[in-house]
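Numbers for residues simply follow the sequence, beginning at 1. These numbers come from the heavy atoms of this one structure, side chains and all, not from hydrogens, waters or symmetry mates.
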Amino acid sequence: MERLANPVWAALTSGQRHLARELGAMLHYEPDVAPFCAVPEDGMFVPEHDLARLGGDVYFVGAIPAVPEGWQLNELGGVLQMVYRGGPVAPPPGEGIAELDALDPAMQALTAIAFPGYFRARTGTMGRYLGIHDAGRLIALCGERMDFGTLREVSAVCTHPGYTGRGHARLLVQHIMHGMQRQGVTPMLHVGARNGRAIALYEALGFERNGVLRHARLAARP
């Protein structure tokens with residue numbers, strides 16, 4: 001569990017080595033896969049020539065580097081990390097649940113409402129994604145993102161604002177959890193530390209708090 005204090009680094013050096021791109025001492029995903037970059041330890045200095053090659057919006061979680069003059073890391077609030085500690089997840093009802101194509105643009109459109117910028121054109125290739133549709137329109141989503149080998153991240157949990165309160169998120173999360181357990185993988189997730197409603201749902205599903213991580217967006221100063 002200690003390695004999860006630096007989750008992006010942990011994923012890119014274990015279950016997702018095949019997705020890791022090296023840039024100096026940093027590891028990162030391709031920008032159209034996920035907007036995350038990582039350093040091996042908190043406070044490590046990253047030179048400007050490496051930062052300039054990252055391009056686009058880039059986020060660090062857990063281990064936050066030191067950056068040179070002309071760059072800044074904008075803190076975005078704490079991220080609560082949670083790990084499933086319950087028993088076997090029973091197979092949930094499957095009616096209305098659809099397996100989504102990894103490149104379905106509707107996933108990016110839906111997640112842009114809840115957390116714009118995090119779900120990219122190829123994020124869907126990182127794992128299995130499930131959804132619920134209404135009249136052909138994607139209205140709820142959940143899937144798998146970072147893979148740590150023995151643990152895997154439940155991610156992109158979102159419901160269109162016009163369809164909340166109907167249990168869609170809970171049902172989709174249960175499906176993803178059940179699928180992970182069938183593969184011998186323990187579910188875990190990240191959620192905004194102030195998102196009390198979502199935290200309550202995850203605790204009810206058997207997730208326990210594993211700590212709050214820093215979360216920052218890299219930006220060049222104007």
Side-chain angles (χ1 to χ4, degrees), residues 1-46 50-51 53-67 71-84 108 111-112 114-120 122-127 142-158 176 185-196 198-199 202 207-220:
M1 289 302 177
E2 184 178 348
R3 67 194 178 112
L4 291 184
N6 191 359
V8 179
W9 186 268
L12 291 175
T13 55
S14 60
Q16 291 177 330
R17 285 190 182 92
H18 62 291
L19 296 178
R21 301 294 178 265
E22 294 185 23
L23 186 50
M26 298 184 292
L27 294 177
H28 66 95
Y29 295 97
E30 291 285 359
D32 63 347
V33 173
F36 298 109
C37 186
V39 289
E41 58 184 42
D42 190 56
M44 176 181 175
F45 181 79
V46 178
D50 287 342
L51 295 175
R53 292 168 60 195
L54 281 173
D57 289 337
V58 176
Y59 300 85
F60 290 85
V61 180
I64 308 298
V67 296
W71 295 82
Q72 59 188 6
L73 283 159
N74 299 318
E75 296 275 352
L76 300 173
V79 172
L80 176 63
Q81 188 177 81
M82 306 183 76
V83 179
Y84 183 67
Q108 194 170 5
T111 55
F115 24 81
Y118 288 90
F119 199 102
R120 301 294 175 86
R122 291 200 296 134
T123 299
T125 64
M126 297 176 76
C142 180
E144 303 171 337
R145 190 171 58 179
M146 296 184 208
D147 187 349
F148 309 93
T150 56
L151 296 98
R152 194 175 300 155
E153 182 189 27
V154 179
S155 184
V157 182
C158 60
I176 292 296
V185 175
T186 299
M188 56 86 66
L189 57 83
H190 296 96
V191 59
R194 296 184 179 180
N195 191 344
I199 292 169
Y202 299 139
F207 287 88
E208 294 183 2
R209 305 179 187 219
N210 193 54
V212 176
L213 307 178
R214 292 172 64 198
H215 175 212
R217 177 179 176 269
L218 176 69

Requested in this report: Work out which heavy atom in C142 is nearest to a heavy atom in V157; give both atom names and the distance.
Outcome: SG-CG2, 3.8 Å
Report task. Supply the atom-to-atom distance L80 CG to F207 CZ, rounded to the nearest 0.5 angstrom. Result -> 11.5 Å
**Report entry** Qualifying salt bridge (charged side-chain N to carboxylate O under 4.0 Å, His left out) pairs, either residue in residues 4-20, two or more places apart
**Finding:** none
**Report entry** salt bridge (charged side-chain N to carboxylate O under 4.0 Å, His left out) against R152, all qualifying residues, sequence neighbours excluded
**Finding:** E144, D147
Query - Min side-chain heavy-atom separation H28-V58 under 4.5 Å - result: no
Query raised in the report: How far does CG of L54 sit from CE of M26, to the nearest 0.5 angstrom?
Result: 4.0 Å
Query raised in the report: Say you draw a straight line from CG of N74 to OH of Y59; how long is it, rounded to the nearest 0.5 Å?
Result: 10.0 Å
Query - Ring-ring centroid check Y118 H215, cutoff 6.0 Å - result: yes
Report summary line: Between the CD atom in Q81 and the NE2 atom in H190, the distance rounded to the nearest 0.5 Å is 4.0 Å
Query raised in the report: Checking side chain to side chain contact (heavy atoms under 4.5 Å, CB included) for the pair R209/I199: CA distance, chi angles, key distance, verdict?
Result: CA-CA 9 Å; R209 305 179 187 219; I199 292 169; 3.4 Å; yes
Requested in this report: Over all heavy atoms of both residues, which pair between W9 and L27 is shortest? Give the atoms and the distance, please.
Outcome: CZ3-CG, 3.5 Å
Query - Listed partners of R120 passing salt bridge (charged side-chain N to carboxylate O under 4.0 Å, His left out), at least two apart - result: none
Query raised in the report: Distance from L23 atom CG to L51 atom CG, nearest 0.5 Å?
Result: 8.0 Å
Please tabulate, for the side chains in residues 30-39, all donor-acceptor contacts under 3.5 angstrom to protein atoms that are two or more places apart in sequence or on a different chain.
unit_1, atom_1, unit_2, atom_2, d
E30, OE2, R21, NE, 2.9
D32, OD1, R122, NE, 3.3
D32, OD1, R122, NH2, 3.0
D32, OD2, R122, NE, 2.9

Query raised in the report: How about L4 and L151: do any of their side-chain heavy atoms sit closer than 4.5 Å?
Result: yes
**Report entry** R214: salt bridge (charged side-chain N to carboxylate O under 4.0 Å, His left out) partners, not counting sequence neighbours
**Finding:** D42, E75
Query - M188 side chain reached by P7 side chain, heavy atoms, under 4.5 Å - result: no
Query raised in the report: Quick one: are I176 and P187 in side-chain contact, heavy atoms under 4.5 Å?
Result: no
Report task. Considering non-hydrogen atoms only, spot the tightest contact between G43 and A66 and give its length. Result -> O-CB, 3.7 Å
Query raised in the report: salt bridge (charged side-chain N to carboxylate O under 4.0 Å, His left out) with E41: which residues, sequence neighbours excluded?
Result: none
Query raised in the report: Minimum heavy-atom separation for F119 to G124, with atom names?
Result: CZ-N, 3.9 Å
Query raised in the report: Where do P40 and N6 come nearest, in terms of heavy atoms and distance?
Result: O-ND2, 3.5 Å
Query raised in the report: For the side chain of Q16 and the backbone of V8, is there at least one donor-acceptor N/O pair under 3.5 Å apart?
Result: no
Report task. Quick one: closest heavy-atom pair of Y29 and M126, and the distance? Result -> CE2-CE, 3.7 Å
Query raised in the report: Q108 versus T123: any side-chain heavy-atom pair under 4.5 Å?
Result: no
**Report entry** Distance (rounded to the nearest 0.5 Å) between I64 CD1 and L218 CG
**Finding:** 10.5 Å
